[in-house]
K.L.:
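Dropping a structure here in structure tokens format, bear with me for questions.
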There are 2 protein chains.
Amino acid sequence: MSAAEPKPVSMFDVAKRAGVSHQTVSRVINDAPMVAAATRAKVKAAISELGYRPNRSARTLAGGAVRSVTVFTFDTSLYGTAETLRGIEDAASAAGFTVLISVLDPEQTYTEGEILGRLSHDGAPAIVIAHDETTTQARRILRKAQPGAVVATGDDKLRDEPGAADWLVPLDDRLVAKRATRYLLSMGHRTVHYLAMPGKARRQDGWSEALLEAGIEPPEVIPSGWTIGSAATAAADLVADPEATAIMCGNDDLAFGVLHAAHHAGRSIPGDLSVIGFDDCPMAAYHIPGLTTVDLDFRGVGRSAFELLRHKLEGGPEPRTSWRSPELIVRETSGPARPRS
Amino acid sequence: MSAAEPKPVSMFDVAKRAGVSHQTVSRVINDAPMVAAATRAKVKAAISELGYRPNRSARTLAGGAVRSVTVFTFDTSLYGTAETLRGIEDAASAAGFTVLISVLDPEQTYTEGEILGRLSHDGAPAIVIAHDETTTQARRILRKAQPGAVVATGDDKLRDEPGAADWLVPLDDRLVAKRATRYLLSMGHRTVHYLAMPGKARRQDGWSEALLEAGIEPPEVIPSGWTIGSAATAAADLVADPEATAIMCGNDDLAFGVLHAAHHAGRSIPGDLSVIGFDDCPMAAYHIPGLTTVDLDFRGVGRSAFELLRHKLEGGPEPRTSWRSPELIVRETSGPARPRS
DNA sequence: TATGATCCTGTTAGCGCTCACAGATTCCGG
DNA sequence: CCGGAATCTGTGAGCGCTAACAGGATCATA
């Protein structure tokens with residue numbers, strides 16, 4: 001049915017065609033100096049005539065500069081991780097890097113061998129998007145095994161580890177969580193509840209700090225899963241309680257779940273209840289009512305993570321951090337507390 | 001500052017330790033037959049004592065069975081593509097495959113070399129998630145270059161190409177689009193408008209067929225971008241028109257945009273206007289009002305695409321298609337047309 | 001013209017693995 | 001007790017590339 005696959009053209013084919021040695025071809029495709037302009041042109045011509053494309057496996061095997069990153073994450077379809085991945089991909093492909101992805105199951109515990117075995121080879125560069133236990137652990141394993149080739153992003157508490165600045169691109173949302181909580185307090189709410197995603201996020205710290213500073217004992221955190229549905233379930237009791245007038249949620253999806261639950265409990269937004277999310281996903285602005293939330297530049301963080309990794313790999317000037325800092329965006333799900341009767 | 005990187009352990013180290021030849025080690029890690037049980041045990045012990053992990057680059061270079069897939073897509077953060085990618089990843093990592101991803105910019109046109117150059121090597125297996133022009137073209141290039149190692153998924157019209165069954169995992173939504181349109185018609189709507197994503201989707205065919213069969217000339221399609229915002233803008237005029245009572249949207253995000261626009265135009269849902277989406281993303285059920293939409297099993301399609309690819313690569317029994325067929329889920333954004341005054 | 005420095009190019013080895021094959025050992029029926 | 005299969009194991013070559021070095025030109029300087 002199908003013709004025999006034609007043997008792919010190698011560096012030697014190009015070399016023969018251009019009348020040079022294979023090493024010269026190598027120099028040309030790696031933009032090495034010490035090649036005469038005329039030779040370079042000849043080789044380039046041969047390359048395009050033959051449609052030659054270098055073999056990445058051979059390149060890595062031969063120990064050339066590494067041109068791939070493995071991204072570890074626990075879910076590619078959540079807004080935050082998807083955007084971060086996107087940012088990494090943007091920066092990586094612009095730099096000619098290949099992106100591999102490795103999804104870790106949050107339900108599972110991985111051994112060191114299982115994590116390292118997911119790399120294309122020992123010492124291969126990696127970026128960990130760490131938002132939960134499993135990915136955080138993966139980060140620990142990877143950093144221990146090959147500190148020079150791993151960076152991480154995310155919102156786990158372990159950023160307090162010594163030297164974290166060397167390898168962490170943090171989404172500094174603690175401060176803005178604090179600001180958001182203060183904002184709610186300033187609207188007359190007597191306290192602010194927090195609906196948390198699995199894992200410990202710094203934003204939770206910001207929330208409790210703000211309350212404490214206002215002399216308020218933080219109420220018990222409401223634990224939720226990652227899905228809208230789990231948030232709706234988790235918040236069911238809370239939204240039914242007329243005493244609760246302000247809820248901050250770990251991310252926008254959870255906020256949507258809470259809003260849904262509140263709607264079914266017959267509470268009006270923001271009259272009876274103020275709700276705040278995190279992420280500013282595209283839906284937030286188009287939800288009715290518009291969701292008050294925190295703009296988080298995941299894509300920028302992803303890009304920066306890649307730049308930092310590249311810096312560790314290739315040296316060069318320290319890349320400057322370049323993502324928007326988190327900011328509270330007030331829309332229509334938050335407002336003044338109803339005066340107490 | 002850092003100690004010298006220890007040289008990674010190779011197959012030869014394991015061989016020496018186990019007192020066998022490197023080839024025997026190779027047999028063990030590849031689960032080849034013709035190895036005595038005792039030898040196998042000895043080698044396995046050596047492997048775990050030394051923490052040996054095979055080098056993927058070396059394996060592919062040496063021409064062993066391929067253990068990686070490159071996924072081409074145009075956006076990793078859209079619900080449909082993210083879920084498909086997730087499905088591919090699930091199946092791939094279960095089968096011990098590495099997933100590489102390559103994001104194509106929809107604004108850009110790629111040459112054959114640019115597409116093929118993104119593969120790890122000539123002939124490397126690939127899956128294309130083709131929902132737009134750019135990815136569809138990438139699919140054409142890849143299929144031409146290496147028909148034995150490329151499958152595609154998605155909703156482009158080119159599924160009508162001869163022999164498509166061999167390499168396409170289709171999301172058969174034409175029929176359900178037709179059913180959805182008929183459903184709206186049966187609710188008394190005089191016609192149904194269609195808000196389209198970029199690229200030509202089969203669901204649009206289903207829509208026009210249903211109208212034609214009912215003796216209705218399909219109204220002009222409203223073109224939209226991929227974002228919620230673009231849909232809101234695109235639909236602004238339409239929702240303001242009291243004659244328009246039913247709109248079908250290319251996906252849920254677009255539907256949310258339309259709903260937002262309708263809200264601002266002061267039209268009540270579903271009293272004045274019925275809106276239907278596609279995808280049944282998690283938000284659809286929690287939107288207020290609940291979005292009538294079509295359940296599309298992207299994850300299942302992704303899994304199947306991988307299985308089909310693997311079948312092409314390794315032979316074996318034809319994998320059976322195993323994803324939920326699309327189904328209309330009626331929620332609260334659709335209902336009977338208001339009786340004409 | 002000798003003498004080095006500077007530029008360019010080729011040769012060789014080897015990355016870690018799999019393939020194809022060749023040898024060694026065991027087991028069986030005749 | 002032998003021939004031949006069946007089972008196991010080792011040897012050699014080579015995948016396509018890069019690193020390290022060894023040359024051969026060419027040029028300015030003495």
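Since the structure is predicted, the reported quantities are computational estimates derived from the model, not experimental observations. Below, chains carry the letters A, B, ... as their sequence lines are ordered, and counting in each starts from 1.
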K.L.:
Which one, C:dT18, C:dT9, D:dC17, comes nearest to the side chain of B:S26?
P.N.:
C:dT18

K.L.:
Using whole Å, report how far CZ of A:R53 lies from P of D:dC17.
P.N.:
11 Å

K.L.:
Less than 4.0 angstrom between a side-chain N/O of B:T24 and OP1 or OP2 of D:dG10, yes or no?
P.N.:
yes

K.L.:
Classify the side-chain pair B:T98/B:R56 by whether it contains a donor and acceptor separated by less than 3.5 Å.
P.N.:
yes

K.L.:
Counting only side-chain nitrogens and oxygens, does B:N30 get under 4.0 Å of the OP1 or OP2 atom of C:dT18?
P.N.:
yes

K.L.:
Nearest whole Å is fine: how far is C:dC21 P from B:M34 CE?
P.N.:
17 Å

K.L.:
Could you state the atom-to-atom distance from CG of A:D31 to C1' of C:dC8 in whole Å?
P.N.:
17 Å

K.L.:
What are the two closest non-hydrogen atoms of B:E112 and B:K144, and how far apart are they?
P.N.:
OE1-NZ, 4.1 Å

K.L.:
Heavy atoms from C-beta onward define the side chain here; which of C:dC8, C:dA13, C:dC17 lies closest to that of A:H22?
P.N.:
C:dA13

K.L.:
Work out which heavy atom in B:P198 is nearest to a heavy atom in B:W226; give both atom names and the distance.
P.N.:
CG-NE1, 3.4 Å

K.L.:
Rounded to the nearest Å, what distance is computed from the CG atom of residue B:N55 to the C1' atom of nucleotide C:dG14?
P.N.:
14 Å

K.L.:
Please report, rounded to the nearest Å, how far the P atom of D:dC17 is from the CZ atom of A:R59.
P.N.:
8 Å

K.L.:
Which pair of non-hydrogen atoms, one from A:I141 and one from A:Y110, has the smallest distance, and what is that distance?
P.N.:
CD1-O, 4.2 Å

K.L.:
In whole angstroms, how far is the C1' atom of C:dT9 from the CD1 atom of A:I29?
P.N.:
16 Å

K.L.:
Which is true for B:P54 with a 4.0 Å heavy-atom rule: it touches a base, it touches only sugar-phosphate, or it touches nothing?
P.N.:
sugar-phosphate

K.L.:
Taking the side chain of A:M11 as heavy atoms from C-beta outward, which of D:dT18, C:dC17, D:dC8 is closest to it?
P.N.:
D:dT18

K.L.:
Tell me: OH of B:Y52 to C1' of C:dG16, nearest whole Å?
P.N.:
7 Å

K.L.:
D:dC17, D:dG16, C:dT9: which one has an atom nearest the side-chain heavy atoms of B:L61?
P.N.:
D:dG16

K.L.:
Would you kindly compare B:A58 and A:G63 by the position of their nearest DNA chain D nucleotide and give the one closer to the 5′ end?
P.N.:
B:A58

K.L.:
In terms of the angle between their ring planes, are A:H131 and A:F298 parallel, tilted or perpendicular, with boundaries placed at 30° and 60°?
P.N.:
perpendicular

K.L.:
Closest approach to the side chain of B:Q23, judged atom by atom: which nucleotide of C:dC19, C:dT11, D:dC17 is it?
P.N.:
C:dC19

K.L.:
Is there a side-chain contact between A:S21 and the phosphate of C:dG10, meaning an N or O under 4.0 Å from OP1 or OP2?
P.N.:
yes

K.L.:
Nearest to the B:R27 side chain among D:dA19, C:dC21, C:dC17, which nucleotide is it?
P.N.:
C:dC21

K.L.:
Could you tell me whether the phosphate oxygens of C:dT9, OP1 or OP2, come under 4.0 Å of any side-chain nitrogen or oxygen in A:T39?
P.N.:
yes

K.L.:
Rounded to whole angstroms, how far apart are CZ on A:R40 and C1' on C:dT9?
P.N.:
13 Å

